[in-house]
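FYI, the numbering just counts along the sequence from 1. Not measured: the values here are computed from a predicted model.
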Amino acid sequence: MICKQCQSEISDDAKFCPNCGVKIEKEEPDEKEWFFVENAKSNGKYTKAEMISFFNEGRITASTYVWKNGMDDWKHFNETELASVEPECDQVQEEHIEEQTVEKETNEFNQWYYINAQNEQVGPISENEIISLLASGTLNQNTYVWCSGMEDWEFVKNTPLSVYLKSRKTKEQPKQESYTQNTSNRVEKKSIGLYLLFSIVTCGIFSLYWLYSIARDIETMEGRKASTSPGMVVLLSLVTCGIYELYFYYKACKRIHALQFSNGYVAADDSVISLILALFGLGIVSKCIIQSTINDIQNFAQ
């Protein structure tokens, strides 16, 4: 036997420690004498320590009937000597609640922002909210996200949020004609101010090249040959005294809007406003609008 005071080894029948003189109190063994009711059946025998463990785990509650030899009848747990363990259980519950509170505060502290399909910044939202958006498919692996502590915007797939991505079956393609752009279909951005200046200085001659450039870039982004080549677009516009050019502005905006990108980016549909501006002799403004949309695709679409 070991003395609890000085940790010296002493004989089993010693009443005092020969080393430090402390009185030796022998511990009574914890006998298996307790029973409790579970699912309308009696369970036992268990030691007091085991009953305390069951209570802390939630298997036994304060209203559970318990009994041991020497008791007149079954009693509720909180009506026996075992009731002294309730504060310990309350402490366990409080610690669990505190852990949940810390976790909730941590999630609320991580405020996230993301770029939606309309190229608009959304946020701040909590980490739980952005996880829900990922689970529902509203956001995908190529969505730009940012939160405090990040140096720059990143794709979801390059952040800790990537663990919440789930594979989804490919959605059915819309019935309307659409095309998917890949990296090989990218075009060079154009300076709208410079092209506008050249068009004015050359009394509209350079604007014909600009028209050709827009038609060529759309064809490149679609990754296929258009029914009307870029050169034919210019020729038909000259032959029809600009009438075909009105149709081209409308159709070009529709074709750009139909493009699909892996990060979900959707180009604006400016077909109506471009047509109206051209009808009022402001075709040069329609070119600016279409060129701006093409430039945005090079900046934000993936």
Would a line drawn from the ring center of Y195 to the ring center of F198 be shorter than 6.0 Å? no
Nearest 0.5 Å, please: how far is OG1 in T228 from CE in M232? 7.5 Å
Hey, does the side chain of S237 reach the backbone of V233 with a donor-acceptor pair shorter than 3.5 angstrom? yes
Looking only at the side chains, is there a donor atom on one of S274 and S271 sitting less than 3.5 Å from an acceptor on the other? no
If Ile, Leu, Val, Met, Phe, Trp and Tyr residues are connected whenever their side-chain heavy atoms lie under 4.5 Å apart, and connections chain through other members, are F248 and F280 in the same group? no
Look only at the side chain of H76 and the backbone of Y65, and say whether a donor-acceptor pair between them is shorter than 3.5 Å. no
Would Y46 and F36 count as a close aromatic pair, with their ring centres under 6.0 Å? yes
Between E50 and R59, does any side-chain N to carboxylate O distance fall below 4.0 Å? no
Any donor and acceptor pair, going by atom type alone, linking the side chain of T220 with main-chain N or O of R216 inside 3.5 Å? yes
Donor-acceptor under 3.5 Å (Q298 side chain, V187 main chain): yes
With distance as the sole criterion, is a donor-acceptor pair present between the side chains of N295 and K190 under 3.5 Å? no
Should the pair K157 and F155 be classed as cation-pi, given the thresholds of under 6.0 Å to the six-membered ring centre and 45° from the axis? yes
